[in-house]
Amino acid sequence: MSVRETATRDMSATGIVSAYEMVVGLEVHVQLLTRTKAFCLCATDFGAPPNTNVCPVCLGLPGALPVLSDHVVDLAVRAATALDCRIHERSVFARKNYFYPDLPKGYQISQYDRPLATQGRLTVENVAGDPESTVRITRVHIEEDAGKSIHDRFAAASAIDLNRAGVPLIEIVTEPDIRSAAAAGAFLRALKQLLEYLEVSDVSMEEGSVRVDANVSARPVGATTLGTKTELKNLNSFSAVERALDSEFARQCDLLARGQRVVQQTMLWDGGSSSVRPARSKEESHDYRYFPDPDLPPLVVASDRVERVRRHLPELPATRRTRYREAFGLSAYDADVLTASKSLGDYFEDCARLHRDPKIVANWVMGAVRAALNVSKREIEDFPLRPADLAELLDLVAHETVSGTAAKRIFALMLETNRGATEIAEREGLLQVRDDSALRDWIDQVIAEHEHEAARCANGERKLLGVLVGFVMKKSKGSADPRRVSQLLAERLGV
Amino acid sequence: MSISLDEVRHIAALARLGISEERARVAAVELSSILEHMQVLSKVAGADMSANTERGMMLRPDTGPPIPLERPPIDFAPSMRDGFFLVPRLETHEDSQEGA
Amino acid sequence: MTQSARQAVDAAFQRANAVRAGADGLNAILWSDAKAAHNEAAEVDHRIAKGDVGALAGVPIVVKDNIATIGSPTTCGSRILEGYHSPFEATAIRRLRDAGAVLIAKTNLDEFAMGSSTEFSAFGRTRHPLDPALVPGGSSGGSAAAVAAGITRVGLGSETGGSVRQPAAFCGVVGVKPTYGRVSRFGLIAFASSLDQIGVFGTTVDDAAAVMHVIAGHDPRDATSVDAPVPDYREQRSDLDGVVIGRPREYFPDQLDPPIAELCHRALDHFRELGATVRDVSLPNTELAIPAYYIIAPAEASSNLARFDGVRYGLRVTDHGLRGMYEATRSKGFGPEVTRRILLGTYVLSAGYYDAYYATAMRARTLITRDFDDVFGSDVDVLFTPTTPTPAFAAGAKSDPYEMYMSDIFTVTANLAGIPAISLPIGRVGGLPVGGQLLAPHFGEGRMFAVARALESALGSEAHR
Ligand SMILES: [Mg+2]
Ligand SMILES: [Zn+2]
């Protein structure tokens, strides 16, 4: 494409995008947190040497048969319940037939016309201005993952590792209810948050425990029928999803504005060039020849099983936000920040249980702790200061054993030295000093060093008192009790 | 109901069966004549049989150990290196996304 | 038992040599290892000496080569698995070994059990013990021939549409197909998963029942295996007072070979003499069975055989790229009948044809199952029919595939309905064995064996005349 064309395209695109509306539906594959694979007893843990977490079943050896893990069913039901789905008492596993070297049996065990759950919804709070938006969930079904194909390791060969083959997934499919890239991002973050809270998955795109495909179409603003959609693949992060949607939407708007048609096809996102390109089309169109897997009788999920799962459903983000406002008297904003990730909320709660003032705890967690996390690029899970350590420090402040200023230094030193707050306060002499003689020594030194200011203060420039108190505090490395210092100074200068 | 040569080529491709032109021609005739005999089934086409009587499947607990392999993959794999199964280099990215 | 395990095993090998069971003769046996079997027998004798006498202690057995075994190849009679050694063993085999049985041979079969004559083995056809020009039936023809030739008293086969009962009838031995889910399929290399069951051959009903009793029972490694108690299969009955035996009209068509019809009537007379009531019944949807079967079985097979792709095990033929490797491997690896059925199965599942074929065939299957539920629900205990429409036919006689398929006409219904069935010798026509079939309700094996035994003893030597 020539420079000129690029230019006009960009212009036209930006120009006409506003005349069209983006319509998006998502397909999200999520790996379930189970010990064993879906249909065999192999371990699911990653990082094992290639083809070591394999057995006759997941190698697709002749004569091996699949047997489903009950934990897969419970986790899938948990997710479907939290997504307000209708859970079907009988669902059916089907074979999706296609040849690929990392698909050992020549078919994927999935669910097709009788999925586990349908007709759910997920409410996403404050997206792009509007208060909240609800995305309908078409279906949630159980399926097995394929293995890994590595194309760049050997010269003329692709390398197949089947450790991952048979790992349990749920596929979550939404209705085309999403209207912007930002809304798609917000939905995915809300979904990630929900699934983390449910402990259904660790939802990490990096480790490949979530995969997202997006169906996107454009239609004139106000139109009610759907335009021709394309499917976006190779979306390796939530932000990639957003950027790919915008770029593909612009491409479609441009076509439509020129009176051309959008071709229904699969488009691949190229993060490098931040652009989409059509996937190379195959020799023969996909024909998966789905049929019920004769190795697996129907999955019957009795109502009491659903009830049991429902009863043991962990607290969900929305509930927790409300509880933080009511039980801890936090502001809506603070509650949102602290519940953004389950682990941060857990950290806050553990600490608040040990230290009597939840607001103080909230401020420290949202301030000092998060700042330290950003600097160290660490997750709260492996933050060296555990809730008890922080609580110890906050107690010292509460009992005025150390000053607020000193607390900041102690916090920093705790991170450096991994020592307890009290120990550091003592070793660094940061315990708040109320013994007047010690204070008077510092005051004398300060007056000696700042005769001029002291004199002006004595002559009535009362505002300088604060300044002098500051000098004393500095001399005491923050350990002096500021109120007592200013009393003594006032006496000393006779003001 | 008769199967055309093109249909035979299509299903042979789906099934990854490399078959010669004349084999395909013979197959088209054979399969067509076999399917002739299936006409009798048309009388039950459409009849609703949705009887959910089949037993539900038994589930297993989420704990190992896996069914052991008496011999490691290297013993039966046609081509293996560094613990990987090797196959001729794959072409498209789309392929690897297939069925995801 | 008077004989030691070693003596029994050695005797079996002597007999195998005497009847020339190998490739140069019957070609019933694809693999055997006299020394290995002898050593295994020695261990069994050692166990017996220690008082551990299993139900089949020291009994030599032959096993169809589509059942995974350790210490021997498992080829399915196919080039694509030539020389393949399974790294795990079928549940049925483990149970047999635990019971003290000694595996002495893997037997020939139609490739992947797809056939009714054992002509379609990549390793050559099996010959009928009574006449090498004839087929032994199939697909378990190797095991049937081995038992008929007196090499062992028992053998394992597999059933999808009659692959044990039909060769049993052709060879003049007893053949049993259990209720679907009664015997674990773990380790049975799948042809059509919803129809497959491991079956048993025996010289007598007792032999077959004893082996069935050992391999039956729930297996957590097979989600389709049923967790129901295994009753004692040794129930003997001197009479059949109060037993109602159904005679389904659809299994006695006018064009049925008259001598075969005659032998069936003789058997029914014996039942009456034993005190049973013989009642005419109807299974109106029987005509749907073969068409339904030849849609469902190939459909499942087309998917089950997709795993043979040259990537992880078995034959690999390299050609241009991955696609070339797949197609070369599978076209060189699979024989004509397997290829034909994969094509048929792929077709009936492909876009636009699923409802017309597969879905419709499943409906027919439901109707056929209901036919049996109805007759067994109207206090009929078992059904009696001929096992096959003809005795053993000549090799190469059935060139038209569908004609060959029709030899399963009386046996496929039991597989479609999942009910148990047994074939036992009821006499001979022109010197060739003829089988009579008993069909029983789900998990009705106990009653089925008892009735079969009664007929067996009533017939006595007539069964082989
Ligand atoms: Mg999927
Ligand atoms: Zn496994």
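A, B, ... follow the sequence lines: proteins, then strands. Residue 1 opens every chain.
Among B:L86, B:V87, B:I67, the residue with the largest count of heavy-atom pairs under 4.5 Å with chain A is B:V87. Contact tally against chain B (heavy-atom pairs below 4.5 Å) for A:A302, A:A156, A:G147: the top residue is A:A156. Per-residue heavy-atom pair counts under 4.5 Å with chain B were compared for A:A146, A:A157, A:G106, A:A155, and the maximum is reached by A:A157.
Judged by distance alone, the side chains of A:E143 and A:S110 do bring a donor and an acceptor atom under 3.5 Å apart.
Heavy-atom distances place the side chain of A:V73, and not its backbone, under 4.5 Å from chain B. Looking at B:T63, both its backbone and its side chain come within 4.5 Å of chain A, counting heavy atoms on both sides. If you measure heavy-atom distances from A:K37 to chain B, the contacts under 4.5 Å come from the backbone alone.
Under a 4.0 Å N-O distance rule, the pair A:R95/A:D295 qualifies as a salt bridge. A salt bridge is absent between A:R153 and A:D161: the closest approach of a Lys/Arg side-chain nitrogen to an acidic carboxylate oxygen does not fall below 4.0 angstrom. We find that A:E27 and A:R211 are not joined by a salt bridge, their nearest charged nitrogen and carboxylate oxygen being 4.0 Å or further apart.
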Can you give the donor-acceptor pairs under 3.5 Å from side chains of residues 38-65 of chain A to other protein atoms, not counting sequence neighbours?
from  : atom 1 : to     : atom 2 : distance (Å)
A:T44 : OG1    : A:T34  : O      : 2.7
A:T44 : OG1    : A:R35  : O      : 3.2
A:D45 : OD1    : A:N53  : ND2    : 3.2
A:N51 : OD1    : A:L162 : N      : 2.7
A:N51 : ND2    : A:I160 : O      : 3.0
A:N51 : ND2    : B:G83  : O      : 2.7
A:T52 : OG1    : A:P49  : O      : 2.5
A:N53 : ND2    : A:D45  : O      : 3.2

